[in-house]
**Q** 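Quick one: the structure is below, questions incoming.
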Amino acid sequence: MTKKLLLIDGNSLAFRAFYAMYNQLDRMISHKGLHTNALVAFNNFLDQIVDPMQPDLAVVAWDAGSGKTTFRGELFSEYKDGRSKAPSEFTEQFPYLREMVALHGLRNYEQPGLEADDIIGTFSRMGEQAGYNVIIVTGDQDLTQLATDNITVNVTKKGVTEIEAFTPDYIMEKFELTPSQIIEKKALTGDTSDNYPGVTKIGEKTALKLLKTYHDIDNLYRHIDDMKPSKMKENLISDQASAFRARQLATILTDATLDLPLEELEYRGIDYDKLVPFYENIDFKKQLAKIKASQKSGQLVSHNQSTERPLSVVTLNENNLRAIAMMVDKVAVHIEMSGSNYHTADMIGFVIGNPATGYYASRDMSLLQKPELRAVIENGDIKKNVFNVKAQLILFKRLGLTLKGAQFDFLLVAYLLDTTDNDNEMSTLAQRFDVYLTEDEEIYGKGAKYAVPDDEELVLMHLAHKADALIQLEMPALSALQSHQQTHLYTEIELPLAHVLAEMEYQGFKIDRKRLQVIGEDLEARIHTIEEAIYLEAGEKFNLNSPKQLGILLFEKMGLPIIKKTKTGYSTAVDVLEKLASQAPIVEHILQYRQLAKIKSTYVEGLLAVVHTEDSKIHTRFLQTLTQTGRLSSVDPNLQNIPMRTEEGRQIRRAFVPSQPNWQIFGADYSQIELRVLAHITGDQNMQRAFLNGEDIHAETARAVFGLDNNAPVDPLMRRTAKAVNFGIVYGISDYGLSNNLGISRAEAKRFIETYFKEFPQIHEWMTKIKAQAHEQGYVETIAKRRRYLPEIKSKNFNLRSFAERTAMNSPIQGSAADIIKIAMIKVADALKDNQLQANILLQVHDELIFEAPEDEIETLRDIVTRVMDSAVALDVPMQVDSHYGNTWYDAK
DNA sequence: TGGCTCACG
DNA sequence: ACGTACGTGAGCCAA
């Protein structure tokens with residue numbers, strides 16, 4: 001096989017790397033304050049392109065100095081003038097880039113008087129002559145001039161890991177030029193980024209045309225006199241010197257004298273012993289994880305096996321089940337499934353064990369039915385370490401087992417410690433504690449390529465490593481929790497809540513399929529009629545669901561005024577269409593179509609698709625470890641956004657029915673929970689008084705803001721305005737946002753806010769304080785010590801910083817409200833049990849709980865639920881809970 | 001896959 | 001000057 005010589009254009013790739021991850025600049029900072037975005041991207045390049053290539057010789061060429069000190073600078077004094085200086089965030093990464101290159105086994109090379117291009121050009125010719133297959137990688141298309149049959153020039157497309165390979169054939173196909181003509185073209189056009197001119201008024205197009213006729217500029221100028229008179233001819237003549245100079249500047253040297261012989265470019269491969277501490281120093285956790293995980297599975301030859309404890313896995317079967325009985329103290333337990341929906345997913349296998357007894361795993365799920373295993377799983381005295389207790393509870397339930405004694409859920413703990421960068425993957429989260437696991441994706445693949453490998457040993461070993469990680473992680477994770485003062489939040493709120501949620505999800509919400517189908521048919525007819533009307537008004541058929549096509553129709557063909565633009569074109573959002581409705585009847589019809597089509601596709605068809613056929617129920621999943629504020633979210637399907645505001649949409653709720661005859665749906669909701677929380681945590685006396693007096697809070701706010709007397713009547717517009725201001729306050733107010741929402745000027749909005757803060761001074765004080773706190777300690781907290789980190793509050797970027805400031809104000813409020821309802825849910829669940837009620841909790845929708853219960857239990861249920869929710873947490877203001885019930889969710893109003 | 005739109009609190 | 005209200009999930013389109 002032909003030997004490979006790899007030549008890398010260090011400066012241009014580093015530059016690309018820096019900008020490929022520019023949007024991450026503020027996030028990628030090591031503990032020592034070094035920006036690492038270019039390092040991360042460059043490392044990806046080394047990992048994905050260089051390491052797999054295994055070249056025989058390799059070098060990364062760097063520019064020495066500015067370019068001024070090269071022959072080009074002497075030739076043309078303005079060469080590369082006007083280039084803005086590289087930002088310090090970039091240059092500070094340079095020394096590390098070079099070290100990283102070296103540790104990956106590549107030579108770094110630079111030579112005074114030469115640019116990186118010239119080093120590459122010269123090495124490429126030397127390599128070609130020595131019979132190497134030469135591979136150049138650069139971010140600069142000018143290097144394509146070096147391509148020959150033995151030299152391929154790879155230019156990065158986007159980022160640094162996607163490349164376009166330029167061979168002479170490909171260059172011909174793409175530009176209709178030979179590699180050497182790339183230089184001729186430059187001679188004519190010049191180069192704005194390197195700041196040298198070619199011939200006046202000649203650009204890409206004209207240059208190509210001329211080169212087609214004359215091939216190169218020597219030939220062109222030989223025949224210049226034959227050219228018929230034109231402005232272009234004059235320019236060519238007057239700029240002749242400039243053209244030849246440009247050609248010289250554009251030509252990459254291939255015959256420079258280098259101080260380094262080719263033989264010394266030997267590629268040495270990765271030096272893991274040194275790369276690990278290097279990565280540690282710059283906080284490359286992901287890279288470290290990769291190295292450690294592959295060392296573990298023996299994929300790497302390394303001299304250093306570090307602190308890895310030897311791990312073996314025993315394949316469990318009928319004959320060695322007795323070993324399970326040794327597990328008396330604490331075990332890690334894990335059922336592996338394919339996919340994320342534990343209600344329906346296939347179970348791939350399970351593992352159980354601890355370091356003392358060893359780890360036992362199998363792909364045969366039926367073994368879990370054996371008494372030896374059941375005795376351990378269902379014994380609450382044997383403490384369990386798990387990952388995602390809610391998922392495990394439901395998986396075991398599906399197998400007819402009750403998982404008891406789950407005390408350490410690494411997913412929950414990791415989420416409470418830090419909500420950011422949580423992808424709900426054990427391997428990623430474990431990295432935070434320097435525990436390294438092979439990623440699931442590496443074992444199973446992802447997307448269409450997902451498959452459980454035939455190699456059973458591989459799967460069972462992966463499971464054993466997970467179990468072992470759950471044991472290793474317990475101590476450091478729980479002590480971190482302790483240091484955050486979050487032990488109570490974990491043991492008294494999130495962990496018990498997971499059990500309540502598991503019950504709710506497993507129970508499911510019964511669906512009247514027939515009702516959904518009828519609603520669907522009705523909608524179908526109405527949508528059809530509206531569609532016809534729209535096509536008639538438009539004078540053509542088009543895809544109504546395409547904002548692009550709709551935009552073209554409304555704003556180009558019909559000439560309606562453009563109210564707002566999006567990144568990609570015209571905005572056709574509701575607020576825009578509402579402004580246009582008076583100008584063309586079609587707009588009103590489009591709004592109607594949108595509304596009905598949404599109901600039909602998302603709620604009728606979407607819900608029908610996820611009703612379980614066996615029990616005619618919907619089993620949503622509440623994600624407990626996702627939101628940044630502590631709220632739950634709901635997926636597959638989302639039952640927290642079932643329509644409510646329009647009558648058409650609300651009809652969907654008629655399909656949500658009790659699971660048994662003569663039962664009812666019952667709902668209880670907190671009134672104004674976020675404003676009550678605000679009054680509590682800010683300690684604002686005026687707002688607290690309003691709640692203590694049981695006032696209509698928005699009316700009371702209106703009186704304050706508009707300077708009305710106590711008990712003076714409040715007109716609806718004033719109340720509406722005050723309500724919007726209250727909302728704005730909770731969201732972390734800005735005059736811009738409020739003015740937008742109310743359709744008033746920014747100045748007016750600003751006055752409202754100022755008056756509001758004057759009337760509720762302690763709210764103002766708190767807003768100032770919480771922002772300062774976020775800045776100083778880097779995070780904000782809720783009443784239950786739930787934490788949200790806000791690193792961007794220190795950002796230089798106004799937008800990012802402002803966003804973090806609003807978040808600093810909103811998160812404690814939204815998050816404390818979430819704490820309260822979570823506590824209430826646990827207490828309600830306990831109360832239902834204590835009172836031996838048959839009622840089931842079905843849903844939580846942020847400030848309300850939905851139940852089903854026998855008709856004759858409703859009264860008791862209402863008493864208990866209202867009382868428990870009211871008193872769940874004692875604030876400085878009273879809580880108010882409203883409740884409703886009826887035959888369907890729709891009727892519980 | 002990202003962008004837009006729209007459903008909820 | 002900058003140019004956004006806070007927190008979510010899903011369907012659809014256009015690459």
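In what follows, chains are A, B, ... by sequence order, proteins preceding strands, each numbered from 1.
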**Q** Students often get this wrong, so: under 4.0 angstrom with heavy atoms, is A:Asn545 touching a base, only sugar-phosphate, or nothing?
**A**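 Sugar-phosphate contact only - A:Asn545 comes under 4.0 Å of backbone atoms but never of a base.
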**Q** Test salt bridge (charged side-chain N to carboxylate O under 4.0 Å, His left out) on A:Lys600 and A:Glu524 and set out the steps.
**A** CA-CA 8 Å; A:Lys600 181 159 180 277; A:Glu524 173 64 42; 2.9 Å; yes
**Q** Answer with base, sugar-phosphate or nothing: what part of the nucleic acid does A:Leu738 contact at a heavy-atom distance below 4.0 Å?
**A**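 Contact class for A:Leu738: base.
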**Q** NA contact type, A:Leu623, heavy-atom cut-off 4.0 Å: base, sugar-phosphate, or nothing?
**A**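 A:Leu623: backbone/sugar contact only, no base atoms under 4.0 Å.
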**Q** At under 4.0 Å between heavy atoms, what does A:Glu605 touch on the DNA or RNA strands: base, sugar-phosphate, or nothing?
**A**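 Contact class for A:Glu605: none.
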**Q** Please tell me whether A:Glu647 and A:Gln651 have a donor and an acceptor in their side chains that are separated by less than 3.5 angstrom.
**A**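 A pair is found: one side chain offers a donor N or O, the other an acceptor, under 3.5 Å apart.
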**Q** Identify the nucleotide, in any strand shown, that forms a Watson-Crick or G-U wobble pair with C:dC2, with both distances under 3.5 Å; if there is none, say none.
**A**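 Per the H-bond distance test, none.
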**Q** Return a single string for nucleotides 4-9 of chain B, one symbol per nucleotide in 5' to 3' order, where B is base contact, S is sugar-phosphate-only contact and - is none, cutoff 4.0 angstrom on heavy atoms.
**A** SSBBBB
**Q** Which part of the nucleic acid, if any, lies within reach of A:Gly732 when heavy atoms closer than 4.0 Å are counted: base, sugar-phosphate only, or nothing?
**A**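 Contact class for A:Gly732: none.
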**Q** Between A:Glu425 and A:Lys286, does any side-chain N to carboxylate O distance fall below 4.0 Å?
**A**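 No.
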**Q** Need one value for A:Phe803: base, sugar-phosphate or nothing, where a base atom within 4.0 Å counts as base even if backbone is also close, heavy atoms only.
**A**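 The answer is sugar-phosphate, as A:Phe803 gets under 4.0 Å only of primed atoms, P, OP1 or OP2.
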**Q** Base, sugar-phosphate, or nothing: which does A:Asn740 touch, judged by heavy atoms less than 4.0 Å apart?
**A**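 Here A:Asn740 touches no strand at all.
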**Q** Any side-chain donor paired with an acceptor under 3.5 Å for A:Glu494 and A:Gln624?
**A**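 Yes, because at least one side-chain N or O of A:Glu494 sits under 3.5 Å from a partner of the opposite role on A:Gln624.
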**Q** A:Glu674 and A:Arg631: salt bridge (charged side-chain N to carboxylate O under 4.0 Å, His left out), yes or no, with the steps?
**A** CA-CA 13 Å; A:Glu674 293 195 344; A:Arg631 274 188 175 183; 3.6 Å; yes
**Q** A:Asp684 and A:Trp766: side chain to side chain contact (heavy atoms under 4.5 Å, CB included), yes or no, with the steps?
**A** CA-CA 9 Å; A:Asp684 190 274; A:Trp766 181 81; over 6 Å; no
**Q** Which one of A:Lys750, A:Arg751, A:Arg746 satisfies the salt bridge (Lys or Arg N to Asp or Glu O under 4.0 Å) criterion with A:Asp735?
**A**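 With A:Asp735 as partner, salt bridge (Lys or Arg N to Asp or Glu O under 4.0 Å) holds for just one option, A:Arg746.
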**Q** Do the side-chain N or O atoms of A:Ser546 get closer than 4.0 angstrom to the phosphate oxygens (OP1, OP2) of C:dA14?
**A**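 Affirmative; the distance criterion is met.
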**Q** Could you give the CG-to-C1' distance, from A:Asn797 to C:dA1, as a whole number of Å?
**A**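 Computing the A:Asn797:CG to C:dA1:C1' distance gives 13 Å.
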**Q** Please measure how far the P atom in C:dG3 lies from the corresponding atom in B:dC4, and state the result in whole Å.
**A**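 C:dG3 and B:dC4 have their P atoms separated by 16 Å.
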**Q** Quick one: which of C:dG11, C:dC2, C:dG7 gets closest to the side chain of A:Ser601?
**A**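 Ranking C:dG11, C:dC2, C:dG7 by closest atom to the A:Ser601 side chain puts C:dG11 first.
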**Q** For A:Leu544 and C:dA14, what is the distance between atoms CG and P respectively, to the nearest whole Å?
**A**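 Result: 12 Å.
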**Q** Pick out which of A:Arg621, A:Lys390, A:His619 makes a side-chain hydrogen bond (donor to acceptor under 3.5 Å, both in side chains) with A:Glu505.
**A**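 The passing option is A:Lys390.
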**Q** Inspect the surroundings of OH in A:Tyr885 and state if more than 12 heavy atoms from other residues, nucleotides or ligands are less than 6.0 Å away.
**A**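 12 or below, so no.
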**Q** Measure from the side-chain heavy atoms of A:Thr627 and tell me the nearest of C:dG11, C:dG7, C:dT4.
**A**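 Closest of the options to the side chain of A:Thr627: C:dG7.
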**Q** Output the single nucleotide from C:dT8, C:dG7, C:dA10 whose closest atom is nearest the side chain of A:Asp636.
**A**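 The answer is C:dA10.
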**Q** Taking A:Glu852 first and then A:Lys510, would you say they form a salt bridge - that is, a charged N and a carboxylate O separated by under 4.0 Å?
**A**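 Looking at A:Glu852 and A:Lys510, the cut-off is not met.
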**Q** For A:Arg513, is the CZ atom crowded, meaning more than 12 foreign heavy atoms sit under 6.0 Å from it?
**A**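 Enclosed: over 12 neighbouring heavy atoms sit under 6.0 Å from CZ of A:Arg513.
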**Q** For A:Leu639 and C:dG9, what is the distance between atoms CG and C1' respectively, to the nearest whole Å?
**A**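 Checked: the CG to C1' distance equals 11 Å.
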**Q** How close or far is atom C1' of C:dC12 from atom CZ of A:Phe542, stated in whole angstroms?
**A**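 From A:Phe542 CZ to C:dC12 C1': 15 Å.
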**Q** What nucleic acid atoms does A:Ala808 come within less than 4.0 Å of, heavy atoms only: base, sugar-phosphate, or nothing?
**A**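 Contact class for A:Ala808: none.
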**Q** For B:dC6 versus C:dC2, give the span between their C1' atoms, rounded off to a whole number of Å.
**A**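 Comparing C1' positions in B:dC6 and C:dC2 gives a spacing of 29 Å.
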**Q** Tell me the interatomic distance from A:Phe752, atom CZ, to C:dA5, atom C1', rounded to whole angstroms.
**A**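 From A:Phe752 CZ to C:dA5 C1': 16 Å.
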**Q** How many whole angstroms separate atom CD1 of A:Ile673 from atom P of C:dG7?
**A**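 Whole-Å distance recorded here is 18 Å.
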**Q** For A:Gln624 and C:dG9, give me the distance from atom CD to atom C1', rounded to whole Å.
**A**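 Rounded to the whole Å, the gap is 18 Å.
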**Q** How close or far is atom P of C:dC6 from atom CG of A:Leu675, stated in whole angstroms?
**A**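 Going from A:Leu675 (CG) to C:dC6 (P), I get 17 Å.
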**Q** Assign A:Arg801 to base, sugar-phosphate, or nothing according to its heavy-atom contacts below 4.0 angstrom with the strands shown.
**A**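 The residue A:Arg801 makes no contact with any strand.
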**Q** On DNA chain C, does the nearest nucleotide to A:Phe798 precede the nearest nucleotide to A:Thr807 from the 5' side, or the other way round? Give the residue.
**A**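 Counting from the 5' end, the first nearest nucleotide belongs to A:Phe798.
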**Q** Among residues 515-530 of chain A, which contact DNA chain C at a heavy-atom distance under 4.0 Å?
**A**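 Correct list: empty, so none.
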